[in-house]
Amino acid sequence: MFSTRTSWVRDENALSARAAEMKGDPELVDLTVSNPTIVGIERSQGLLSALSDRRALAYGPDPLGLAEARDAVAAYYARRNVHVDPARIVLTSTTSEAYAFLFQLLLERGAHVAAPTPSYPLFSFLADLAGVEIRHYELLRGERWTLDSSTLADAQAVIVVSPNNPTGSVLAPGERSEILAHARRSGASVIADEVFLDYLAEPKRFAATTFVKEQKSLTFTLSGLSKVAGLPQMKLSWIVVSGPDEDAGEALSRLTIIADTFLSVSTPVQLAAPAFLEDAEAFQDRLRARLAVNRRALPPNALTGDGGWYAIIPLDPDADDEAFALDLLERQRVLVHPGYFFDLIDPAIVVSLLPQERVFAATMRRMFGG
Ligand SMILES: Cc1ncc(COP(=O)(O)O)c(C=O)c1O
């Protein structure tokens, strides 16, 4: 009755079962939190009034997104000294939906898409749903995360996550050129996931790092309000299309039909996009200050890469990261992700840097002393 694409193994592991039992425990410290709306970051008064624009009473959809919302995304890039033509912007409800659109646009069933490992486990589900196959290329842990270019296999699309989740790493210029050259040789497009790009430890690197300026290969750069403005509940993301004019034009024309088939972005959020994206600047200042404080509270062996919302804490080489996480939950009521969740090879745990500073510092002291 059901498709094989959705025949996922759904057994709960011991850690998630125990975490579910302890949900609601006031003493539980959740260091897996990725939801920026529940970690006590102050929001501007009146922010929601942007949703009560009376123009939202009328429905006049544009498949790629309303002009003022796409202009607001272009203005967001302009504040970062990056020029983006609003005509090259496609709005989607989430970044996950953007991936789904791009897989439909670029990949035949059974085609290969290259994606980094370690990384966020979202891709395998998106690939299953699109009936395509992931070919992982490896990032190797060292003083910084480096690309193992010998693992780059042919694929029809190459995903780059910049900064990557959870390593926080950004490709070095040489590695980036290598990936782009490899993509060109195999006729692949590039999908650059930049949802965390505003959270580089050195925010000024945004303009030099973003893929929206990539002109040689057809490139799709993804981001959205979820991380940029800390508003995942608003459901507004975008794709910036760059590359050779002819390819970009064809991509936009086909994306128009894909987006028109769903018309998934609501009118109120599009009309509110200018206000939400302007407010994102104050939100990011607050969050960046918190991330910096929490990074300083980490044990000295923690890895934070170039930025992002997470840190990796290596364990002893013979440790079992799931057993460690389970023991931590039982004894100290602290929930962390074991590294294997992100396909980290060496034993490690992954902690979110979003929790309030006092809670985070006290938890680090409890876990690692000092
Ligand atoms: C690297 C990365 N890309 C995309 C997403 C999904 O973002 P959205 O909420 O816009 O679908 C996440 C969510 O955590 C993520 O970590």
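Excluded from the calculations below are hydrogen atoms, water molecules and symmetry mates; all remaining heavy atoms, backbone and side chain alike, are included. Computed from a predicted structure; not experimentally measured. Indexing begins at 1, ligand by ligand and atom by atom, following the structure's order.
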*Mind telling me whether Phe123 and Tyr120 have parallel, tilted or perpendicular rings, with 30° and 60° as the class edges?*
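Because their plane-to-plane angle is over 60°, the rings of Tyr120 and Phe123 count as perpendicular.
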
_Would you call the rings of Phe206 and Tyr77 parallel, tilted or perpendicular, taking 30° and 60° as the class edges?_
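Aromatic pair Phe206/Tyr77 classed tilted.
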
_With no hydrogens and no angle check, just 3.5 Å: does a side-chain donor-acceptor pair link Asn164 and Thr167?_
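There is such a pair between these side chains.
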
_Ion pair Asp247/Lys216, N-O distance below 4.0 Å_ =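 Looking at Asp247 and Lys216, the cut-off is not met.
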
_Under-4.0 Å salt bridge between Glu42 and Arg286_ =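 No, Glu42 and Arg286 are not salt-bridged.
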
*With a 4.0 angstrom cut-off on heavy atoms, strictly below it, pick out the residues next to ligand 1 and order them by chain and number.*
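Heavy-atom contacts below 4.0 Å: Thr94, Thr95, Ser96, Tyr120, Val161, Asn165, Asp193, Val195, Phe196, Ser226, Lys227, Ser237.
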
*Let me know which of Arg80, Arg205, Glu194 forms a side chain to side chain donor-acceptor pair (under 3.5 Å) with Thr210.*
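It is Glu194; the other options fail the test.
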
